[in-house]
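Let me begin by presenting the structure, written as structure tokens, before commenting on it.
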Amino acid sequence: MRDLLDFYQNAPLLELGLEADRRREALHPHGVVTYIVDRNINYTNVCVADCGFCAFYRRPKHGEGYTLSFEQIGEKIEETKALGGQQILIQGGHNPYIPFEWYLDLLRYIKAYHPIHIHGFSPSEVDFFATRFRMDATDVIKELQQAGLDSIPGGGGEILVQRVRDQVAPKKAGADRWLEIMELAHNAGMKTSVTMMYGIGETLAERLEHLERVRAVQARTGGFTAFICWPLQPENTPTMSHMPRTDAMEYLRTVAISRIVLDNVPNLQSSWVTMGMKVGQMALRFGCNDFGSLMIEENVVSAANTTHRTTTHEIERLITDAGFTPARRRQDYTILAGGGAAVPTATADTVAA
Ligand code: SF4
């Protein structure tokens, strides 16, 4: 850990990048960089978790609070499919007014009338459901899965060190619980992604602790398909708007060390939505093999005034200009027919082997 910390903190930027690029190349030797077309649907912004870094949520009874109807969600899915979208990412606040049956009915409704891959309900939401509905988290996951949930996103991970979470998100699933729920999901046969939002008052050593903890779960389960990191977007947040915005160098260093530590997580996504196109493109030489998603809708980051928009053509140009072959993928990182070079991408299984 001390060596890695020294490398993260002190190595010249390009040395870090070179090592991360070497690791990326070993995992993805075909020179393909993938991306996905999807839509982020935030079914409700009502939340009682009060995370200090969140510009998206509204307290119960706030005039701007909303919960989407099934029909509104169905319409968004149809628009997504019409644009070639492969999945929906469905997440929301911890809304105390929604009964558990609503979530199950929603999943069944989507699968019956608007079938698509459903990547939804982060560990924080699963933990909220378990507490609110007095259920075991294993049963929450099982029921969601039986109703149609396909995979779980890594939302709400922030920094998986309790000291940090106690300061910025004390009402949300703690570090141990967040990882426990991911492990339960993996054991139930679901794949998940994993994230890290940094720049919220943690030390560099705590970022490494986060990565090491993810790596340890992955060594047991092999269930993480991808890792994504991005910095705090401080604008409009309840208690963190005074925090300094971290820069591109910090992002590239963090992406690179993540690629180096997480040698058992197959895919690393570049976060062009928060960092912009050019930095997102540079991240492809600092360990990332995926350009993330062409999101049709994104509410959480845009609530903090940080939204970069693009087209598939622009994404493919950026990937090509960085020296890679672009390929459109599914949620599980398999490549779509006609979506680029017909080569296999690494999967959790192939990496674990
Ligand atoms: S980050 Fe999620 S859990 Fe936290 S306040 Fe925002 S919507 Fe609620």
Side-chain angles (χ1 to χ4, degrees), residues 39-68 73 88-98 100 102-103 106 119-133 137 140 144 149 152-182 185 192-202 210 228-241 243 245 271 273-274 295 297-307:
R39 183 167 197 161
N40 190 4
I41 300 177
N42 298 114
Y43 57 88
T44 183
N45 67 345
V46 176
C47 190
V48 291
D50 298 316
C51 301
F53 50 78
C54 180
F56 165 73
Y57 81 102
R58 297 291 180 268
R59 292 285 304 168
K61 302 196 188 336
H62 191 288
E64 293 168 7
Y66 73 79
T67 299
L68 299 179
I73 292 170
I88 53 158
L89 166 57
I90 187 154
Q91 302 185 104
H94 298 184
N95 186 331
Y97 301 123
I98 301 179
F100 190 51
W102 185 91
Y103 300 99
L106 172 64
H119 187 51
F121 307 119
S122 67
S124 314
E125 287 163 276
V126 171
D127 177 59
F128 173 72
F129 300 160
T131 308
R132 174 114 191 114
F133 306 116
V140 171
L144 293 172
L149 184 64
I152 290 183
E158 288 93 48
I159 295 290
L160 292 166
V161 174
Q162 201 52 45
R163 183 197 75 79
V164 181
R165 298 180 83 77
D166 283 343
Q167 291 181 0
V168 300
K171 297 187 197 168
K172 205 151 75 167
D176 291 349
R177 178 67 164 166
W178 195 97
L179 287 163
E180 180 196 354
I181 287 173
M182 281 304 196
T192 77
S193 51
V194 58
T195 63
M196 176 169 79
M197 184 179 75
Y198 61 89
I200 54 175
E202 76 288 348
H210 175 111
I228 313 115
C229 69
W230 66 89
L232 168 74
Q233 311 300 311
E235 292 82 6
N236 301 333
T237 59
T239 64
M240 305 194 87
S241 50
M243 296 287 279
R245 180 182 268 271
S271 182
V273 176
T274 57
M295 279 180 291
E297 181 175 3
E298 206 292 321
N299 297 313
V300 179
V301 174
S302 59
N305 286 344
T306 309
T307 307

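Computed over heavy atoms, backbone and side chain alike; hydrogens, waters and symmetry mates excluded. Counting starts at 1 for both ligands and their atoms, following the listed order.
Phe100 is linked by a side-chain contact (heavy atoms from CB on, under 4.5 Å) to Tyr103, Leu104, Phe129, Phe133, Met135, Val140, Glu143, Leu144, counting only residues two or more places apart in sequence or in another chain. The side-chain contact (heavy atoms from CB on, under 4.5 Å) test applied to Gln167 returns Arg163, not counting sequence neighbours. Under the rule for a side-chain contact (heavy atoms from CB on, under 4.5 Å), the partners of Pro238 that lie at least two apart in sequence or sit in another chain are Tyr57.
Partner of Ile90 under the side chain to side chain contact (heavy atoms under 4.5 Å, CB included) criterion, chosen from Leu149, Leu106, Asn40: Leu106.
Taking CZ of Arg39 as the start and CG of Leu89 as the end, the distance is 12.0 Å to the nearest 0.5 Å. Expressed to the nearest 0.5 Å, how far CE of Met240 lies from CG of Leu232 amounts to 5.5 Å.
Within a radius of less than 2.8 Å around atom 6 (Fe) of ligand 1, the protein N, O or S atoms are Cys54 SG.
Among all protein heavy atoms, the one lying closest to atom 2 (Fe) of ligand 1 is Lys172 NZ, 4.4 Å.
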